[in-house]
Amino acid sequence: MPQIRQLHHAITDWFAQNGRDLPWRHPEASAWSVMVSEFMLQQTPVVRVLPVWEEWMQRWPTPADLAAEPAGEALRAWGRLGYPRRALRLHAAATRIVEEHDGAVPRTPDELLALPGVGTYTAAAVACFAFNQPEVVVDTNIRRVHARLFTGRALPEPSYTAAEARLAADLMPDDDALACRWNAAVMELGALVCTARSPKCDACPVAASCAWIAAGQPAPHYTPKGQPWAGTDRQVRGAFMAALRDAEAPVPREALLRADVVQSTGAPEEQRLRCLGSLLADGLAHEGPTGVSLPH
DNA sequence: TACCCGTGGGA
DNA sequence: TTCCCAAGGGT
């Protein structure tokens, strides 16, 4: 294995040449805009996030701007990014930032962690990418790069281990100025080159020291499937949310249960009732005297 | 810990 | 077509 410093240089140099020009990476990007991007990027590809992020930044350039509107507006503007509870939590986080931090995104990981929708990854990412603090950032891309480069496996295990956290911490550059660039660079390498499927090892700056390549690129071992998609509550809930986003006024319950997008799932009445109930319980929908709508 | 939570695109 | 996967978080 080469010296760690050689890896730092090889990967950050590659990043300087090949990193994408994403708007939330610009020097003038606000901490809030970075935080919004991190919420949107949770389990969602960059290309789908870009147009929605641009719209949000235009409409809600500060936490106070978002907090001043009903949560339903955040849900509607979330569009089809998926996992709409992220929009609900982002709105709640904005409200908390206004109430408890004078409208400014907090800069310590502990304060960030206390916000709804912010977990270990997002807290470290905002501290690092918005405030240039040398936090250890570990996402799915970084885990995969580490697995291949050092462990020789095609993919990391489903659960994040203490050994992985220790490795990520050990790999952090001592130089604080380099630390955040290192995090971003490894993440970008995983996103563009060291991808889950069809990795572009020919374009990899550290292929020569990759344990996975040295081992002959053994295939990943897939764990048995989770639940199928068709017929799941997630599909039915998504259909309800699509109907509510498109509605300009509260939809009578009976009409919503028979909405075209909902019917198209083929879900039986019992499941439709259960899913609508869960959306109401989650605060993703609101039921008033004239029907169901996005929350106020 | 294991499971749940949306959506769309690529192989 | 089917299946995997994408800058995770909450319970």
**Prompt:** Hey, is the side chain of A/R89 poking within less than 4.0 Å of OP1 or OP2 on C/dT11, counting only N and O atoms?
**Reply:** no
**Message:** Please report the distance, rounded to the nearest Å, between CG in A/L192 and C1' in C/dC5.
**Reply:** 15 Å
**Request:** Could you tell me whether A/T195 contacts a base, only the sugar-phosphate backbone, or nothing, with contacts defined as non-hydrogen atoms closer than 4.0 Å?
**Result:** nothing
**Request:** Kindly determine whether A/V138 and A/E164 satisfy side chain to side chain contact (heavy atoms under 4.5 Å, CB included), including the steps that lead there.
**Result:** CA-CA 9 Å; A/V138 181; A/E164 288 180 83; 5.8 Å; no
**Asked** Roughly how many Å is it from CZ in A/F240 to C1' in B/dC5, rounded to a whole number?
**Response** 16 Å
**Request:** Send over the distance from A/L22 CG to C/dA7 P, rounded to a whole Å.
**Result:** 12 Å
**Request:** Would you mind checking if A/R143 and A/E157 are paired as a salt bridge, meaning a charged N to carboxylate O distance below 4.0 Å?
**Result:** no
**Message:** Between C1' on C/dG9 and CG on A/D139, what's the gap in Å once rounded to a whole number?
**Reply:** 14 Å
**Item:** Protein-nucleotide distance (A/L81, atom CG; B/dC5, atom P), rounded to Å
**Value:** 19 Å
**Request:** Indicate, with a heavy-atom threshold strictly under 4.0 Å, whether A/L88 touches base, sugar-phosphate, or nothing.
**Result:** nothing
**Message:** Can you confirm if the aromatic rings of A/W32 and A/W60 lie within a centre distance of less than 6.0 Å?
**Reply:** no
**Request:** Take A/D282 and A/S159, find for each the nucleotide of DNA chain B with the closest heavy atom, and name the residue whose nucleotide sits nearer the 5' end.
**Result:** A/S159
**Message:** Does A/I142 reach a base, just sugar-phosphate, or nothing at all? Heavy atoms under 4.0 Å.
**Reply:** nothing
**Prompt:** According to a strict under-4.0 Å criterion, is A/T122 in side-chain N/O contact with OP1 or OP2 of C/dG9?
**Reply:** yes
**Item:** Proximal nucleotide (of C/dC5, C/dA7, B/dG6) relative to the A/R234 side chain
**Value:** B/dG6
**Asked** Is the base of C/dC4 touched by the side chain of A/R197 through a donor-acceptor pair closer than 3.5 angstrom?
**Response** yes
**Request:** Kindly point out which of B/dG6, C/dC5, C/dA7 is positioned nearest to the side chain of A/A196?
**Result:** C/dC5
**Message:** By nearest atom, which of the nucleotides B/dG8, C/dA7, B/dG6 is closest to the A/M187 side chain?
**Reply:** C/dA7
**Asked** So what does A/A125 touch, heavy atoms closer than 4.0 Å: a base, only the sugar-phosphate, or nothing?
**Response** nothing
**Request:** Verify whether one side chain among A/Y121 and A/E38 offers a donor that lies under 3.5 Å from an acceptor in the other.
**Result:** yes
**Message:** Run A/R89 and A/F39 through side chain to side chain contact (heavy atoms under 4.5 Å, CB included) and show every step you take.
**Reply:** CA-CA 9 Å; A/R89 289 171 180 155; A/F39 268 71; 4.3 Å; yes
**Item:** Residues from residues 103-120 of chain A lying under 4.0 Å of DNA chain C - heavy atoms
**Value:** A/P116, A/G117, A/V118, A/G119, A/T120
**Message:** At a heavy-atom distance below 4.0 Å, what parts of residues 26-58 of chain A sit against DNA chain C?
**Reply:** A/E38, A/L41, A/Q42, A/Q43, A/P45
**Request:** Could you work out the separation of C/dA7 and B/dC3 based on their P atoms and round it to a whole Å?
**Result:** 24 Å
**Prompt:** Going through the distances and angles, do A/M40 and A/R48 end up as a side chain to side chain contact (heavy atoms under 4.5 Å, CB included)?
**Reply:** CA-CA 9 Å; A/M40 291 182 172; A/R48 295 226 310 274; over 6 Å; no
**Complete:** Taking every heavy atom of A/A94 against every heavy atom of A/P63, the minimum-distance pair comes out as CB-O, 3.6 Å
**Request:** Indicate whether OP1 or OP2 belonging to C/dA6 is found under 4.0 Å from a side-chain N or O atom of A/R144.
**Result:** yes
**Request:** Measure from CZ on A/R86 to P on C/dG8 and round the result to the nearest Å.
**Result:** 9 Å
**Between A/T108 and A/E111: side-chain donor-acceptor atoms closer than 3.5 Å** = yes
**Neighbour count above 12 (heavy atom, 6.0 Å) for A/E248 CD** = no
**Message:** Quick test of your reading of the model: are A/R274 and A/E269 salt-bridged, counting only N-O distances below 4.0 Å?
**Reply:** no
